Chemist: 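Would you mind keeping the following structure in view while I ask a few things?
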Number of protein chains: 2
Amino acid sequence: MSEDVEQTLRQHGFQVTAQRIAILRALSSHPHATADELAADVRASIGSISRQAVYDTLGLMVDKGLIRRIQPSGFTARYEDRVNDNHHHLICRSCDSLVDIDCATGDTPCLSAGDDHGFVIDEAEVIYWGYCPACRGKAAPAKPGSSPKSSTT
Amino acid sequence: MSEDVEQTLRQHGFQVTAQRIAILRALSSHPHATADELAADVRASIGSISRQAVYDTLGLMVDKGLIRRIQPSGFTARYEDRVNDNHHHLICRSCDSLVDIDCATGDTPCLSAGDDHGFVIDEAEVIYWGYCPACRGKAAPAKPGSSPKSSTT
DNA sequence: ACCAATTCTGGACTTAGTCAAGTATTTGCC
DNA sequence: GGCAAATACTTGACTAAGTCCAGAATTGGT
C-alpha cells in the first residue's frame, strides 16, 4: 500500500519523500482535514514534520491536481483526495459537520452559467448549506430580519 | 439617499449609527470588498472607525440576512449587498477578478443534490473558477500532472 | 559513491480575525 | 428636551493560519 502512494507521487512528477508519503496517507484516512490536522497525523506516523513542508506539499499537490483544497466561509482550508469525481460538499450551519455529496445532475451540470462574461470556466464548485439530522430540530435559529432565504440557488 | 440606508437599517432591527450607515454605503459602492477595504472606505467618509466595529456590524448584518459574506478558497472574506437574488460568482484563477453571474437554471436549480444525507438544505452556493478574457491567452498554465479537470462540476 | 537539484527545517514575520473591558451613543419614556 | 437603560463603539492585547527566508538534509541521475 505504501507502494501505491509512491506510484502516485512519481506519476505526478514528485520526488518521493517520507513526508509526502505520510501526508498523502494522512489525507486518505482523514478526508477534509486541515493543514494542522494533517501535520499532527503525520507527526504521529513519521515523528516530525515542519509546518512549511506541510504547506509546501499541499500547495504543490493542489497545483498538480492530485488533491483538492476547499475553504468554505468561516472555515480554514481543508484538503481532500477525492478529485475529478464530480462531488460537492454539504455543511451544517450549526455543528459545522461537512459531508461529501454527489451531484445529481449528471456530468457538467452547474457549468452552464447564464452569461459567462467571456470567462473560460473550468470548474464549478458547489457548497450546500443547511442543518444536519442531529441539529435540524435543536438549532433552526429562525433568522429574524430575513425571509427564509428560499432560493439563493 | 442617506434616508434609504437608515430605513433599511431600522427595518432590519438595527440601531442607526453613523458607522453603520457608512458601512452600508461603502458596501453598495464597493461590492465584494473585504472588511479592511470597507474600513478604509468608511474612514474616508466618516473620519475613523475601529476594526472591531466593522467586524461586528458586518457579522450582524450577515446574520440578519441584510448582506452576504463570501469567502472563496484562498481569499479573505468579502461582503456584498446583493442578497436573495439568485446569483453566483465567477473568479479568474490568474488575476483573481471576481464577477457576479446570474444562475441560468431558473429558481432553485442546484438545490437538487443527489443524496442529501438527511440534511435540510437552505442554500446552495456556487463558485465558478476559470480565466477571464484578459488572462485567457496569457495565463492558461497547462496544469502538468493532471488531466484538464473536465467536470469537477 | 557523488553532485546538482530539490526538499525540509526552524524561526521570524504578516494578516485576518477575536476577546474583553471600558466609554460613548442611541432610543424609549417622562 | 432630559434621563436612564440598552446598545454600539473604541482600544489594545491576543490567536490562528499562513508566508518568507536562509541554511541543512535528502533525493535521484550518472
Side-chain angles (χ1 to χ4, degrees), chain A residues 2 5-24 26 32-43 45-64 66 69-79 96 144-145, chain B residues 2-3 5-24 26 32-43 45-64 66-67 69-79 96 144-145:
Chain A
S2 194
V5 174
E6 252 190 76
Q7 279 304 326
T8 312
L9 284 171
R10 287 189 207 284
Q11 281 166 13
H12 287 262
F14 286 101
Q15 279 192 190
V16 175
T17 67
Q19 290 85 343
R20 287 173 179 180
I21 292 175
I23 288 176
L24 220 36
H32 311 136
T34 64
D36 271 1
E37 286 163 0
L38 291 171
D41 192 323
V42 167
R43 281 193 196 102
S45 61
I46 284 291
S48 82
I49 193 172
S50 68
R51 184 179 4 175
Q52 197 54 43
V54 175
Y55 281 111
D56 283 355
T57 302
L58 290 173
L60 284 174
M61 288 179 176
V62 168
D63 283 351
K64 301 241 173 137
L66 222 175
R69 171 193 164 115
I70 58 176
Q71 185 179 18
S73 236
F75 286 64
T76 60
R78 266 134 229 278
Y79 299 85
D96 287 353
Chain B
S2 193
E3 285 68 34
V5 174
E6 252 190 78
Q7 279 304 327
T8 312
L9 284 170
R10 287 189 208 284
Q11 282 165 12
H12 286 263
F14 286 101
Q15 278 193 190
V16 175
T17 68
Q19 291 86 341
R20 286 173 180 180
I21 291 174
I23 288 176
L24 221 34
H32 312 136
T34 63
D36 272 359
E37 287 163 0
L38 291 171
D41 192 324
V42 167
R43 281 190 198 105
S45 63
I46 284 292
S48 83
I49 194 172
S50 68
R51 183 178 4 174
Q52 197 56 41
V54 175
Y55 280 111
D56 283 355
T57 302
L58 290 172
L60 283 174
M61 288 179 175
V62 168
D63 283 352
K64 300 242 173 134
L66 221 175
I67 65 177
R69 172 194 164 115
I70 59 175
Q71 186 179 19
S73 237
F75 286 64
T76 60
R78 267 133 228 278
Y79 300 86
D96 287 354

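What you see is a predicted model, and the numbers here were worked out from it, not measured in a lab. Each chain gets a letter, A, B and so on, in the order its sequence line appears, and its residues count up from 1.
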Chemist: Quick one: are A:Gln15 and A:Arg20 in side-chain contact, heavy atoms under 4.5 Å?
Modeler: yes
Chemist: Is the shortest heavy-atom distance from the side chain of B:Asp36 to the side chain of B:Thr76 under 4.5 Å?
Modeler: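 A side-chain contact under 4.5 Å is absent here.
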Chemist: Can you give me the closest heavy-atom contact between B:Gly13 and B:Lys64, atom names plus distance?
Modeler: O-NZ, 3.9 Å
Chemist: Whole Å only: how far is the CZ atom of B:Arg20 from the P atom of D:dT10?
Modeler: 11 Å
Chemist: For DNA chain C, whose closest nucleotide is more 5', that of B:Arg69 or that of A:Ile49?
Modeler: A:Ile49
Chemist: Taking atom C1' of C:dG28 as reference, at what distance in whole Å does atom CD of B:Gln15 sit?
Modeler: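 Checked: the CD to C1' distance equals 10 Å.
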Chemist: Please state how far atom CZ in B:Phe75 lies from atom C1' in D:dT19, giving the value in whole angstrom units.
Modeler: 17 Å
Chemist: Quick one: label A:Asp56 by what it contacts on the DNA or RNA (base, sugar-phosphate, nothing), any heavy atom closer than 4.0 Å.
Modeler: nothing
Chemist: Is any side-chain nitrogen or oxygen of A:Gln19 closer than 4.0 Å to OP1 or OP2 of C:dT9?
Modeler: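 Checking A:Gln19 against C:dT9: at least one side-chain N or O falls below 4.0 Å of OP1 or OP2.
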Chemist: What nucleotide among D:dG28, C:dC19, D:dC9 has an atom nearest to a side-chain atom of B:Gln52?
Modeler: C:dC19
Chemist: Atom OH of A:Tyr79 to atom P of D:dA17: distance rounded to whole Å?
Modeler: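 After rounding, the reported distance stands at 12 Å.
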Chemist: Can you tell me how far P of D:dC9 sits from CZ of B:Arg43, to the nearest Å?
Modeler: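 To the nearest whole Å, that distance equals 14 Å.
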Chemist: Check this one for me: any side-chain N or O of A:Ser50 less than 4.0 Å away from OP1 or OP2 of C:dT7?
Modeler: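 No, no such contact exists.
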Chemist: Are any of the side-chain heavy atoms of A:Leu9 and A:Met61 separated by less than 4.5 Å?
Modeler: yes
Chemist: Are the side chains of A:Gln19 and A:Val42 in contact, using a 4.5 Å heavy-atom criterion?
Modeler: no
Chemist: Does B:Arg51 place a side-chain N or O at less than 4.0 Å from the phosphate oxygens OP1/OP2 of C:dT18?
Modeler: no
Chemist: Between A:Leu9 (CG) and D:dT27 (P), how many Å, whole number?
Modeler: 13 Å
Chemist: Are A:Thr17 and C:dC8 close enough that a side-chain N or O sits under 4.0 Å from OP1 or OP2?
Modeler: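 Checking C:dC8 against A:Thr17, a side-chain N or O does come within under 4.0 Å of OP1 or OP2.
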Chemist: Just to be sure I understand the rule, does B:Thr57 reach a base, reach only the sugar-phosphate, or reach nothing, if contact means heavy atoms closer than 4.0 Å?
Modeler: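 The residue B:Thr57 makes sugar-phosphate contact but no base contact.
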Chemist: Considering every strand and a 4.0 Å limit on heavy-atom distances, what is the contact class for B:Ala77: base, sugar-phosphate, or nothing?
Modeler: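 If one applies the 4.0 Å heavy-atom cut-off, B:Ala77 turns out to touch the sugar-phosphate alone, with no base involved.
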Chemist: Would you indicate which nucleotide in C:dT6, D:dT7, C:dC8 comes nearest to any side-chain atom of A:Ala53?
Modeler: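 My answer, after comparing the listed nucleotides, is C:dC8.
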Chemist: In whole Å, I'd like the distance from the NZ atom of A:Lys64 to the P atom of C:dT7.
Modeler: 8 Å
Chemist: When you measure from the side chain of B:Tyr55, which nucleotide among C:dA16, D:dT10, D:dA17 comes out closest?
Modeler: C:dA16
Chemist: Rounded to the nearest angstrom, tell me the gap between atom CD in A:Gln71 and atom P in D:dG18.
Modeler: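 Checked: the CD to P distance equals 7 Å.
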